Amino acid sequence: MLGSAGLKLWVVVATLGVCSSFTVPAHGAACREEVVIGQPMAEVAAQCPQPTLKEHRDLLEERFEGKKTTRSTTSYDEWIFDTGPQEFMLSLVFLNGILTEVRNLGYGSMRDPMMPECRNGEGLALGDTIVDAYLKCGEPLAREKRGEKVAVSVDGEVTTRTSVAVEEWTYRYGPDLPGYTLRFENGVAKEIRPREFGK
């Protein structure tokens, strides 16, 4: 425990950006046998087909101790390869541009947003990640950036101020069925709002 004379105040400022993009499903083997943990993202991109889904987040952390300031940036990327119902989907996770995780996600094929669990909202849940939502119900009808949300927390001598990007996905099912909007903060669903029929 520091005395009052030796008390150090740390302030951590974190800024997090989130974005996602889709392409048509990748064709052919999703490079499971070709990629190696520790490879740079550029090398993996040259070996693999275009991912079906890309998610990207950036974290900027600043620490202040008196007049001393230290900064660090962490980039998170996840690529999903969906090559159809005959093959397992593949997830590649990169930290700061280096491949750190390779995992299977079950059999592929594009999700059908008209299946019952998507139409009635039962397939979507708070805590779902952007990837989870895609795997459950496919690409949304609309994706919108909603700016940033700022949160401040204090833990002992450390004050953390975090700014996270907010993104909304909307699934709609026609004039005779309701729709749903998911609000993602830092890539995680924090709110699910039902929409009026056909709106």
Side-chain angles (χ1 to χ4, degrees), residues 10-65 68-84 87-108 110-111 127-136 138-140 143-151 153 158 160-169 182-190:
W10 288 83
V11 181
V12 181
V13 181
T15 304
L16 185 61
V18 180
C19 65
S20 57
S21 62
F22 295 88
T23 67
V24 295
H27 296 287
C31 59
R32 286 177 179 81
E33 304 300 325
E34 300 177 18
V35 297
V36 178
I37 297 296
Q39 274 188 287
M41 186 185 298
E43 288 186 7
V44 176
Q47 291 176 300
C48 298
Q50 184 75 1
T52 309
L53 170 65
K54 286 184 176 182
E55 182 187 359
H56 175 79
R57 299 197 293 268
D58 286 323
L59 176 64
L60 170 64
E61 186 175 87
E62 296 181 293
R63 292 177 178 266
F64 302 93
E65 182 184 10
K68 181 181 178 181
T69 302
T70 58
R71 295 180 175 87
S72 63
T73 301
T74 302
S75 295
Y76 172 93
D77 292 89
E78 184 169 5
W79 295 358
I80 303 298
F81 298 88
D82 183 352
T83 58
E87 297 184 24
F88 285 107
M89 291 179 290
L90 180 69
S91 167
L92 303 181
V93 175
F94 302 85
L95 293 179
N96 293 328
I98 301 298
L99 182 63
T100 59
E101 183 180 359
V102 179
R103 59 194 176 104
N104 288 323
L105 299 176
Y107 284 104
M110 298 299 291
R111 256 49 50 201
D128 281 350
T129 65
I130 284 176
V131 172
D132 291 334
Y134 167 76
L135 294 178
K136 288 179 177 181
E139 182 175 357
R143 304 188 303 274
E144 299 177 277
K145 303 296 183 182
R146 293 297 189 185
E148 296 182 342
K149 178 180 179 180
V150 177
S153 63
V158 179
T160 304
R161 182 179 183 273
T162 305
S163 178
V164 297
V166 177
E167 181 174 353
E168 291 190 348
W169 283 20
L182 286 78
R183 180 182 176 90
F184 295 97
E185 299 174 7
N186 187 20
V188 177
K190 297 296 185 180

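Residues: numbered from 1 along the sequence shown. The structure presented is a predicted model; accordingly, all values stated were derived computationally and were not measured.
Shortest non-hydrogen contact noted between Pro40 and Ile98 is CA-CD1, 4.0 Å. The two atoms that bring Phe81 and Pro49 nearest to each other are CE2-O, 3.0 Å, heavy atoms only. Taking all atoms of both residues into account, the shortest heavy-atom contact from Leu182 to Ala189 is CD2-CB, 4.3 Å. Residues Glu55 and Gly187 share a closest heavy-atom pair of OE2-CA, 3.8 Å.
Side-chain contact check for Arg183 versus Val166: some heavy-atom pair is nearer than 4.5 Å. No side-chain heavy atom of Thr129 sits less than 4.5 Å from a side-chain heavy atom of Phe184.
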Review point. Where do Met89 and Thr52 land on the side-chain contact (heavy atoms from CB on, under 4.5 Å) test, with the steps shown first?
Key: CA-CA 10 Å; Met89 291 179 290; Thr52 309; over 6 Å; no

Check your understanding: Does the side-chain contact (heavy atoms from CB on, under 4.5 Å) test come out yes or no for Cys48 and Val35, once each step is laid out?
Key -> CA-CA 8 Å; Cys48 298; Val35 297; 3.7 Å; yes

Practice item. Evaluate side-chain contact (heavy atoms from CB on, under 4.5 Å) for Val102 paired with Ile37, printing each intermediate quantity in order. Key: CA-CA 8 Å; Val102 179; Ile37 297 296; 3.9 Å; yes

Point to revise | side-chain contact (heavy atoms from CB on, under 4.5 Å) between Ile80 and Leu90, worked out | key: CA-CA 6 Å; Ile80 303 298; Leu90 180 69; over 6 Å; no

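Summarising the geometry, atom CE belonging to Met41 is positioned 9.0 Å from atom CG belonging to Asn96; distances are rounded to the nearest 0.5 Å. Atom CD of Glu144 is separated from atom CD of Glu167 by 9.5 Å, given to the nearest 0.5 angstrom. Put simply, CD on Glu87 and CG on Asn104 are 10.5 Å apart, with the number rounded to the nearest 0.5 Å. Distance OH/Tyr76 to OG1/Thr100: 8.0 Å, rounded to 0.5 Å. Of the inter-residue distances, the one linking Leu135 atom CG with Leu53 atom CG reads 8.0 Å to the nearest 0.5 angstrom.
For the salt bridge (charged side-chain N to carboxylate O under 4.0 Å, His left out) condition, the pairs that include at least one residue of residues 88-105, sequence neighbours left out, are Glu78-Arg103, Glu101-Arg103.
Looking at Gln39, its side chain does come within 3.5 Å of a backbone N or O of Val36 through a donor-acceptor pair.
Side-chain rings of Phe94 and Trp79 approach one another, their centers coming within less than 6.0 Å.
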